[in-house]
Amino acid sequence: YGLGWTQFSWGAARLAESRLPVDGEVVLSVDITNTGERSGSEVVQVYVRDKVATQVRPLQELKAFQRVTLSPGETATLTFTLPVEMFNFTRRDGKRIVEPGEFELQVGASSADIREAVTVQVTG
């Protein structure tokens, strides 16, 4: 990533629902405000971490991203819709599954710059 010439403030990440069935969709929103004196773009990334899995899983998996361009003082609400199916993995026997449990959704400018994290409970 490079120098942006402006600054952005991030609001709290919000979930439409914090409990979802295995066949549901996570709807995550976050407000981004250009607090600088110039127009600029920000890339918002969403990572998922399976908090309790039966197999070793990555600490972060990039699942979605959006670029937003804002004028000074402008705010945008970015909404991400992620099917719970995106949280799947392949078991040792070769079958793809989504395990019920807790998943942490991390929102940030990069994997090393996480601004917010929320937890969703997948049931089923």
Donor-acceptor contact present, side-chain Tyr47 to main-chain Ser111, <3.5 Å: yes

side-chain contact (heavy atoms from CB on, under 4.5 Å) partners for Arg19, two or more places apart: Gln121, Thr123

Rounded to the nearest 0.5 Å, the CZ atom of Phe8 sits from the CD1 atom of Ile32 at a distance of 8.5 Å

Test of understanding: with side-chain contact (heavy atoms from CB on, under 4.5 Å), list the residues that count as partners of Asp23, not counting sequence neighbours. Pro21

Just wondering, do Phe103 and Thr119 contact through their side chains at under 4.5 Å, heavy atoms? no

Heavy-atom pair of closest approach, residues Pro72 and Gly36: CB-O, 3.5 Å

Output all residues satisfying side-chain hydrogen bond (donor to acceptor under 3.5 Å, both in side chains) with Thr75, sequence neighbours left out; order by chain, then residue number. Thr33

Sequence neighbours excluded, which residues qualify as side-chain contact (heavy atoms from CB on, under 4.5 Å) partners of Ala13? Leu28, Val107, Glu116, Val118

Side-chain donor/acceptor of Lys95 to backbone N/O of Thr90, under 3.5 Å: no

Would a 4.5 Å heavy-atom cut-off, applied to side chains only, mark Val30 and Thr77 as touching? no

Could you tell me the separation between the NZ atom of Lys63 and the CZ atom of Phe87, rounded to the nearest 0.5 Å? 7.5 Å

Does the Asn88 side chain pair with the main chain of Glu85, one donor and one acceptor, at a distance under 3.5 Å? yes

For Arg14, give me all partners under salt bridge (charged side-chain N to carboxylate O under 4.0 Å, His left out), at least two apart in sequence or on another chain. Asp31

Using a 4.5 Å cut-off between side-chain heavy atoms of Ile, Leu, Val, Met, Phe, Trp and Tyr, which other residues end up in the same hydrophobic cluster as Ile97? Phe89

Can you list everything that forms a salt bridge (charged side-chain N to carboxylate O under 4.0 Å, His left out) with Glu37? Sequence neighbours excluded, please. none

Partner set under side-chain hydrogen bond (donor to acceptor under 3.5 Å, both in side chains) for Ser71, not counting sequence neighbours: none

From the list Leu78, Val44, Val43, side chain to side chain contact (heavy atoms under 4.5 Å, CB included) partner of Arg67 resolves to Val43

Within a radius of less than 6.0 Å around CZ of Arg96, do more than 12 heavy atoms belonging to other residues, nucleotides or ligands occur? yes

NZ of Lys51 to CD of Glu104: how many Å apart, nearest 0.5 Å? 5.5 Å

Report yes if the side chains of Glu25 and Leu20 come closer than 4.5 Å at any heavy-atom pair, otherwise no. no

Please tell me if the side chains of Thr54 and Glu99 come closer than 4.5 Å, counting only heavy atoms from C-beta onward. yes

So, for Ala109 and Trp10, which heavy atoms are closest and what is the spacing to 0.1 Å? N-CH2, 3.6 Å

With rounding to the nearest 0.5 Å, note down the distance linking CD in Gln106 to CD1 in Ile114. 4.5 Å

Using the test salt bridge (charged side-chain N to carboxylate O under 4.0 Å, His left out), find all partners of Glu74 that sit at least two apart in sequence or belong to another chain. none

The criterion is side-chain contact (heavy atoms from CB on, under 4.5 Å); which residues satisfy it with Ala16, sequence neighbours excluded? Val27

Around atom CZ of Arg91, are there more than 12 heavy atoms from other residues, nucleotides or ligands closer than 6.0 Å? yes

Please tell me if the side chains of Leu62 and Val46 come closer than 4.5 Å, counting only heavy atoms from C-beta onward. no

For Ser29, all residues meeting side-chain hydrogen bond (donor to acceptor under 3.5 Å, both in side chains), sequence neighbours excluded: Thr79

Hey, does the side chain of Asn34 reach the backbone of Leu70 with a donor-acceptor pair shorter than 3.5 angstrom? yes

Quick one: does any side-chain atom of Thr6 pair with a main-chain N or O of Arg38 as donor and acceptor, under 3.5 Å? yes

Determine whether Met86 and Val48 make a side-chain contact, defined as any pair of heavy atoms from C-beta on separated by less than 4.5 Å. no

The criterion is side-chain hydrogen bond (donor to acceptor under 3.5 Å, both in side chains); which residues satisfy it with Glu102, sequence neighbours excluded? none

